[in-house]
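What follows is a short report on a single structure.
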2 protein chains.
Amino acid sequence: MDAQKSDLLQGTLDVLILKIVALGPLHGYGIAQRIRQISKAVLQVQQGSLYPALHRLEKRGWLRAEWGEAETGREAKFYSLTKVGRKQLESETANWDRLSEAVTMILRTAE
Amino acid sequence: MDAQKSDLLQGTLDVLILKIVALGPLHGYGIAQRIRQISKAVLQVQQGSLYPALHRLEKRGWLRAEWGEAETGREAKFYSLTKVGRKQLESETANWDRLSEAVTMILRTAE
DNA sequence: TTTATATGCCTAGCTAATCTACATATACGG
DNA sequence: CCGTATATGTAGATTAGCTAGGCATATAAA
């Protein structure tokens, strides 16, 4: 009802996750934390968005998952980037650059 | 099935339309053309996205519509920005800047 | 001791945006 | 006369992300 109050730019979650995982294998909870930290709390991934996204990316073969032990000593599922995932990250990053530049160009247009 | 092949950055259509209309009243077809032109064909609005969006924005009070005559001599519905619409454009533009910078920051992060 | 907070995983169900694909109509150039 | 560009629209499907829940453990605070 609330006319969309997104904590993300729609459509960018996948590329964000791929990028964070490319920096080193990490578990879901940690991925969300990193996105929040690096973006200085501008971008916030809800858990109801995060986990389905991770499963989606794994199913598409871009991420690989395996259980391991988190820094805290607790069990956690660690995700790492596959070779195909790295390709995908590159292509999605290029696409982001292209599209975001275009949007910015329009928004900066003076009449 | 085709894993989303968007011609837009999801969620940016509204602000794009508001911006184009802010440059001067224009009809739907023309709005789509301008977006395509300014972005050098990077951004392309499908008609099935365009018209529902226009009706949405009008219903929310950000656009005002009135029938008039296009340059071609044909009847067309011209949209112009309301006062509230201008506010909305400002706020959505600021939001875009904030979010897109955050996304770019993450994608540029070196490990 | 009980309780709150942080960590960690997950699903169900909803909404909203966008897409594809259609339908309609006029003007113009060949 | 026919194809293309202009111009408006809807129906139906898909999909992403959200809210709101559930489960479990560890630790800090009360």
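Here the structure is a predicted model, which is why all the values come from computation and not from measurement.
- No side-chain donor-acceptor contact under 3.5 Å links T82(A) and R64(A).
- Contacts with DNA chain D (heavy atom under 4.0 Å) in residues 18-37 of chain A: none are found.
- Sorted by residue number, the members of residues 42-56 of chain A with any non-hydrogen atom under 4.0 Å from DNA chain D read Q46(A), G48(A), S49(A), R56(A).
- Side-chain contact check for S100(B) and W96(A): no donor-acceptor pair (N or O, by modelled atom type) lies under 3.5 Å.
- For the pair I31(B) and L54(B), the minimum side-chain heavy-atom distance is below 4.5 Å.
- Between the K19(A) side chain and the T109(B) main chain, a donor and an acceptor come within less than 3.5 Å of each other.
- In this structure, the side chain of S39(B) engages the main chain of I35(B) through a donor-acceptor pair within 3.5 Å.
- Listed candidates were dT7(C), dC10(C), dG9(D). Nearest to the side chain of R74(A) is dT7(C).
- Straight-line distance from the NZ atom of K59(A) to the P atom of dT15(D): 11 Å, rounded to whole Å.
- Protein atom CD of E71(B) is 10 Å distant from nucleotide atom P of dT6(D), rounded to whole Å.
- Here the closest heavy-atom approach between residue V84(A) and residue G61(A) is recorded as CB-O, 4.0 Å.
- For the pair E75(A) CD and dC10(C) P, the interatomic distance rounds to 12 Å; values are reported in whole Å.
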Exercise for review: I would like to know whether K59(A) and H55(A) meet side-chain contact (heavy atoms from CB on, under 4.5 Å); could you show each step before the answer?
Suggested key: CA-CA 6 Å; K59(A) 191 179 274 181; H55(A) 301 156; over 6 Å; no
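- Screening L8(B), L9(B), T12(B) for a side chain to side chain contact (heavy atoms under 4.5 Å, CB included) with L99(A), the sole residue that qualifies is L9(B).
- Between Y79(A) atom OH and dG8(C) atom C1' the separation is 11 Å, expressed in whole Å.
- Aromatic ring orientation, H27(B) versus Y29(B): parallel (interplanar angle below 30°, classes split at 30° and 60°).
- Of the residues near DNA chain C, T12(B) and F78(A), the one whose nearest nucleotide (by heavy atom distance) lies more toward the 5' end is F78(A).
- Rounded to an integer number of Å, the gap from L9(A) CG to dC18(D) C1' is 15 Å.
- With rounding to whole Å, Q10(B) atom CD is found 6 Å from dC19(C) atom P.
- Nearest to the side chain of A76(A), among dG9(D), dA24(D), dC9(C), sits dC9(C).
- The distance from atom CG of D14(B) to atom P of dA17(C) is 7 Å, rounded to the nearest whole Å.
- Close to dA7(D), at under 4.0 Å from its OP1 or OP2, lies a side-chain N or O of T72(B).
- Rounded to whole angstrom, the span from the CD atom of E66(A) across to the C1' atom of dC9(C) amounts to 17 Å.
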